[in-house]
Every structure is written in structure tokens, then in C-alpha cells.
Amino acid sequence: MTKQKGFTTTLLHADRLRKPEFGALHQPIHTAVTWGFDDVQGLVDVFQNKAKGFAYSRQGNPTTAALESKVTMMEGGLASVSFATGMAAIMATVFALVKEGSHIIASSYLFGNTRSILQTFTEIGLDISFVDATSVDNIKAAYRDNTCMVMVETIANPATQIADLENIGEFCAEKGMIYVVDNTMTSPYIFQPVTVKASLVINSLTKYIGGHGNALGGSVTDTGLYDWANYPGIAPIIREQIKPEMQGITQIRKRGLRDGGGTLAPEAAHSLSVGAETLALRLERACGNAGALAAYLNGHPLVDKVYYPGLTSHPQHERAKKLFRFNGGLMSFALKDGVDVFAFLNHLQVVIKSSNLGDTRTLAIPVAQTIFFELGPDKRAEMGIPEGMIRLSVGIEDREDLLEDFKQAFDAVSQ
Ligand SMILES: *Cc1c(COP(=O)(O)O)cnc(C)c1O
């Protein structure tokens with residue numbers, strides 16, 4: 001009847017349209033762990049998937065459900081499940097769907113903890129190949145008859161490589177593989193993985209979607225494109241009871257969330273949900289700031305190299321231009337040999353030395369000494385991580401204050 005509303009308008013009205021009590025504009029924070037039924041049949045029906053409702057909060061609650069429906073709208077998907085963290089979402093997705101004897105292909109540039117959990121999965125028998133996902137050719141070379149899943153990120157952290165998202169999507173569709181895209185670094189405002197045929201989209205809600213560094217959370221969204229009816233890993237009881245398009249996400253909710261227990265707290269869900277309302281505004285500002293900083297750093301005599309998809313020198317610049325609304329808020333840069341990285345960082349006053357990303361505040365971290373410390377110098381060199389690399393998650397501060405802060409820090413270390 002009415003035209004589909006825009007990204008932000010849709011988010012702002014999403015809670016109200018669920019008709020919370022007293023006409024509340026926000027979905028309330030439901031802290032109840034369990035729900036009572038006047039007639040026991042009602043309880044039984046919820047347990048047997050015959051009626052919608054809530055039985056026990058570990059596998060769902062009205063507050064987390066409202067957030068899940070917002071994530072689904074943002075991603076243009078079919079349904080979502082929320083988790084306590086992004087890592088819990090990733091863990092649950094693999095754990096719930098992948099069967100013994102299956103093979104997974106993953107990007108070798110995955111977020112450090114994702115790489116680590118996948119490594120741990122190999123120790124209990126999963127077979128995982130890590131390949132450079134910036135070209136589909138490497139995925140094709142690693143493909144086997146038992147490959148069931150491909151996992152990539154949109155923009156890698158810290159060196160900002162962009163996966164060959166479209167071609168990998170085509171290849172996964174052709175081979176019937178589950179295509180998992182971690183959209184954390186772009187967020188659904190910059191890019192919707194459904195447009196490149198992703199099957200499942202992961203978001204760390206902790207980052208851009210929540211946006212304020214005040215709550216942890218994660219989600220998995222089923223785009224509706226994968227044919228679960230032909231996936232051998234669906235449990236018989238889910239096969240019997242659930243319509244085919246909902247079988248994958250239901251298995252993630254039951255085996256990943258209910259059994260795994262990485263449930264998002266309702267208080268955190270509320271913070272993330274309110275944060276999401278300003279995602280578009282924040283990203284427009286943060287990405288604008290990031291572009292200005294990248295241009296400034298790129299020309300600076302003390303800077304050796306800048307890693308940012310918005311620069312024409314970036315190896316996947318054209319891909320970013322084609323697929324993404326903006327080039328993101330994250331960049332890295334390497335200082336020239338001989339410039340003291342710690343002294344430079346310590347001179348920054350507006351920019352905070354901190355490890356998070358996607359915050360409203362600009363955060364900087366020396367990469368080799370922190371998030372890539374455990375790898376050691378040889379592995380870092382192999383992965384193209386210079387010892388003097390600084391990762392920057394650009395926030396929404398006033399642009400002049402950020403530029404001024406960098407200028408004075410460079411001045412201080414060049415004296
Ligand atoms: C931070 C991050 C995660 C993990 O999310 P948490 O909410 O911190 O558990 C996963 N993937 C990417 C790309 C991330 O940046």
C-alpha cells in the first residue's frame with residue numbers, strides 16, 4: 001500500500017509498530033527469565049513450535065526479538081538471531097550447522113578472534129582452509145566436494161583488504177555452499193551482503209550498529225537465499241516441523257543459542273537498539289572524517305603508507321566504489337622507520353588509545369604490539385603487518401579537532 005520507507009525512518013518506527021504497551025516508542029526492557037501460561041497447552045505449543053511466544057529467555061525474549069527484527073530490516077533479510085557478542089554469533093553459526101567430515105574455506109584475513117576460534121575448531125576435527133579471499137580464484141582452488149561453507153569479511157582489519165564478495169557469492173550459489181559474510185566493518189548501512197548472494201550475515205553489534213561502545217552484542221541474519229531443504233546438516237526434528245526457508249536460522253537459534261547459551265542480555269539489547277537508530281548519521285560523519293584523515297595522512301612526510309579503501313592506491317579501490325556506499329570508518333597507517341610510534345600515540349589528545357572500533361570516539365591502537373602481538377614478527381611480516389602500523393577507528397568528532405590533533409602530534413615527534 002505505502003512505499004517502503006528509507007533506512008532510518010524504518011528503524012525509528014520499528015519498535016512502535018510492534019505495539020508495545022501504553023504506546024511506548026521503545027520496546028521495553030523485559031527482564032523476566034520465564035513466562036507463565038494460564039493454560040498448559042499454551043506452554044506446550046511454544047515448546048513444540050506450534051505457537052509464537054516465549055518460554056525461557058535463553059532462546060528469546062521480546063526485547064532481543066525487537067532488536068533482531070531491526071537487524072533483519074537493516075540487512076534486508078528473512079530473520080535474525082542475536083547473541084551476547086559477535087564472537088558468540090560466529091561460534092554458534094559454525095557449531096550449529098557444520099557436520100563432521102565437512103570442509104570450510106575461510107579468509108586468511110579474518111578478525112583475529114574469528115581466526116582463533118576456527119583454529120580451535122580444527123583441533124576438534126573440522127577441516128578448514130585459510131585462503132586470500134580478495135580473489136575468488138583462491139576459493140576455487142581450495143574447493144572440494146565436501147566444502148559446505150565459505151566465510152569472509154567485507155573489509156579486513158587492520159589492512160583493509162576487501163574480499164571478492166560478488167564472485168565468491170556466485171561461486172557459492174553454483175556449488176550450494178553456505179556463504180557467511182561478516183558485515184561488521186561495513187555495517188548494513190554501507191553494504192548489504194544479500195546483494196552479493198550471502199546466505200548468512202554476521203554483525204558484531206558492539207561496533208557500528210550499537211556505536212557508542214557501551215554494550216556488547218552480535219547477530220546472525222539469514223538472507224533467505226540459501227536452500228536449506230537441500231542442506232544435509234539440518235536436524236530431522238527441524239526438518240519435520242519448520243518450513244524450509246526457516247530451517248537454517250531455527251537450527252542456529254536452537255543448537256547455537258539455546259544450547260550454546262551465548263544469550264544477549266535485554267539491557268544490552270536496548271542500548272544496541274537505540275544506538276542503531278543513528279547508524280546512518282554516525283557513519284556519514286565518521287566516513288567523511290576518515291576520508292579527510294586518509295587524505296591528510298597519505299601526503300604526510302612521516303607516514304610510510306596508508307591503508308584505506310577510499311584511496312585510489314588501495315588495491316580494491318574500484319571494488320569498494322562499486323559495492324559500498326562509503327569507504328568505512330577504519331583505516332591503518334604505518335609511520336616511517338625511525339618515527340617513535342608510542343611517542344606519536346602518546347602525543348594524541350583527542351584520539352584515544354584503545355582497542356575497540358566503530359565507536360563514536362576516534363580510537364587508535366599500535367597493531368604489532370597488541371592485536372597482532374601473539375603472531376610474532378615473522379608471521380606479521382608474512383601477513384604484511386608493518387611493526388610501525390597504527391589502526392585508527394575514526395569517530396564523529398568535529399573534523400578540525402581531529403586534523404589538529406594529528407598535526408600537533410606529528411609536530412611533537414618531528415622536533
Ligand atoms: C569485533 C569483531 C567481531 C567480534 O565481535 P565482538 O562483539 O567483539 O565479540 C567479529 N568480527 C569482526 C569483523 C569484528 O570486528
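Counting convention: from 1, in listed order, for ligands and their atoms alike.
- For Y208 and Y189, the ring centers are positioned 6.0 Å apart or more.
- Judged by distance alone, with hydrogens and angles left aside, the side-chain atoms of K197 form no donor-acceptor pair with the main-chain N or O of L225 at under 3.5 Å.
- Residues that satisfy the side-chain contact (heavy atoms from CB on, under 4.5 Å) test with A295, not counting sequence neighbours, are absent from this structure.
- Taking the six-membered ring where the residue is Trp, H300 and F410 present parallel rings, their angle staying beneath 30° rather than reaching 60°.
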Contacts table for ligand 1: protein N or O within a distance under 3.5 Å of ligand N or O, distances only.
{"from": "ligand 1", "atom 1": "5 (O)", "to": "S204", "atom 2": "OG", "distance (Å)": "3.0"}
{"from": "ligand 1", "atom 1": "7 (O)", "to": "G86", "atom 2": "N", "distance (Å)": "2.8"}
{"from": "ligand 1", "atom 1": "7 (O)", "to": "S204", "atom 2": "OG", "distance (Å)": "2.8"}
{"from": "ligand 1", "atom 1": "7 (O)", "to": "T206", "atom 2": "OG1", "distance (Å)": "2.6"}
{"from": "ligand 1", "atom 1": "9 (O)", "to": "G86", "atom 2": "N", "distance (Å)": "3.1"}
{"from": "ligand 1", "atom 1": "9 (O)", "to": "M87", "atom 2": "N", "distance (Å)": "2.9"}
{"from": "ligand 1", "atom 1": "11 (N)", "to": "D182", "atom 2": "OD2", "distance (Å)": "2.7"}
{"from": "ligand 1", "atom 1": "15 (O)", "to": "K207", "atom 2": "NZ", "distance (Å)": "2.8"}

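- Classification of the F191-F324 ring pair by plane angle, with boundaries at 30° and 60°, yields perpendicular.
- A salt bridge is absent between D359 and R282; no separation between the charged side-chain nitrogens and carboxylate oxygens falls under 4.0 Å.
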